[in-house]
Amino acid sequence: MKQVTYNGLTFEPYIEKDKIAARISELAEVIKRDCEGTLPLFICVLNGAFPFASDLFRAVDMDAEITFIRLKSYEGMGSTGVVKEVLGLGENIKDRTVIVVEDIVDTGNTIHKLVNDLKKLEPASVKIATLLFKPESLQCDVKPDYVGFAIPPKFIIGYGLDLDGLARNLSDIYVLKEQHD
Ligand code: IMP
Ligand code: MG
């Protein structure tokens, strides 16, 4: 795997697609076990979570439903701290087993606001599945239930994660290369 460049920034390979796939299989097993006897509703947080949600949803081989919500709090490489809901939820989630699927939990602002909003709709339970988690960046009282990889607070792209809209279609995950001059 080679380095990639977007907007003049260089990124190097970080987590390969085979490793992502293997970890998703493990998470799916746990989720399947935890959701036994229910019809879980997966809520994919667009845009970034779409590849993860697609792979996870298919790996959890039980009856389940999926829907989508669109939120945005990031501009460039920093969290704006303000979470805007762009596309709302159509489904009735009362008494449902809900699994929110995120690409990454960074400051936690996005997921914190979303989970609080969802809880007002009286679901049976709300759990958070995130492919990536930066525990050192966390600023909110949230704890993801299913974590693919805990990583240091570095900027990453690929497999849904973007730099100003680019790089979401990379199959592997890349990290911003340290600058040495
Ligand atoms: P939070 O609200 O700070 O937890 O940020 C969550 C959102 O910020 C994620 O859903 C991503 O869209 C974006 N984000 C956080 N860290 C990164 C990163 O390293 N690369 C790309 N996007 C990121
Ligand atoms: Mg996102």
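Position 1 is the first residue of the sequence; numbering continues from there. In listed order, ligands and their atoms are each counted from 1. All values derive from a computational prediction rather than experimental measurement.
- Contacts between Ile157 and ligand 1 below 4.0 angstrom, taking non-hydrogen atoms only, are absent altogether.
- Within the listing of ligand 1, atoms 2 (O), 4 (O) sit less than 4.0 angstrom from a heavy atom of Asn109.
- Listed by number with element, the atoms of ligand 1 under 4.0 Å from a non-hydrogen atom of Lys154 are 19 (O).
- Between Gly165 and Asp162 the shortest heavy-atom distance is N-OD2, 2.7 Å.
- Here is the list of ligand 1 atoms found below 4.0 Å of a heavy atom in Ile104: 6 (C), 9 (C), 10 (O), 11 (C), 14 (N), 15 (C), 16 (N), 23 (C).
- Per-residue contacts place Thr110 under 4.0 angstrom from the following atoms of ligand 1 (heavy atoms of the residue considered): 1 (P), 2 (O), 5 (O), 6 (C).
- Salt bridge Lys154/Glu178: present, at least one basic N to carboxylate O contact under 4.0 Å.
- Assignment of Gln139 to the shell around ligand 1 is not supported, since no heavy atom sits closer than 4.0 Å.
- Using a 4.0 Å cut-off to heavy atoms of Phe155, the atoms of ligand 1 that qualify are 18 (C), 19 (O), 20 (N), 21 (C).
- Each of the following atoms of ligand 1 lies closer than 4.0 Å to a heavy atom of Glu102: 10 (O).
- Of the polar atoms of Asp162, none of the N or O atoms is found under 3.5 Å from an N or O of ligand 1, judged by distance alone.
- Side-chain rings of Tyr14 and Tyr174 stay apart, their centers remaining 6.0 Å or farther from each other.
- Distances from atom 10 (O) of ligand 1 to the heavy atoms of Ile151, Val45, Asp103 show the closest one on Asp103.
- Applying the ring pair (Phe, Tyr, Trp, His ring centres under 6.0 Å) rule to pairs touching residues 112-153 yields nothing, sequence neighbours excluded.
- Contact analysis puts Gly108 in contact with ligand 1, with a non-hydrogen atom separation below 4.0 angstrom.
- In this structure, Arg96 pairs ionically with Glu65, as a charged nitrogen and a carboxylate oxygen lie closer than 4.0 Å.
- Applying the 4.0 Å criterion to heavy atoms of Lys134 picks out, from ligand 1, the atoms 16 (N), 17 (C), 18 (C), 19 (O).
- Atom CG of Asp106 is separated from atom CD1 of Ile156 by 9.0 Å, given to the nearest 0.5 angstrom.
- Pairing each heavy atom of Leu176 with each of Thr10, the nearest pair is CD1-O, 3.6 Å.
- Contact annotation for Leu161 and ligand 1: only side-chain heavy atoms (C-beta onward) come within less than 4.0 Å of the ligand.
- Remark: Glu26 pairs with Arg23 by the side chain to side chain donor-acceptor pair (under 3.5 Å) rule, at least two apart or across chains.
- Close contacts between ligand 1 and Ile156 involve ligand atoms 18 (C), 19 (O), 20 (N), 21 (C) [criterion: under 4.0 Å to a heavy atom].
- Each of Ile99 and Leu39 belongs to its own hydrophobic cluster when Ile, Leu, Val, Met, Phe, Trp and Tyr are linked at side-chain heavy-atom distances under 4.5 angstrom.
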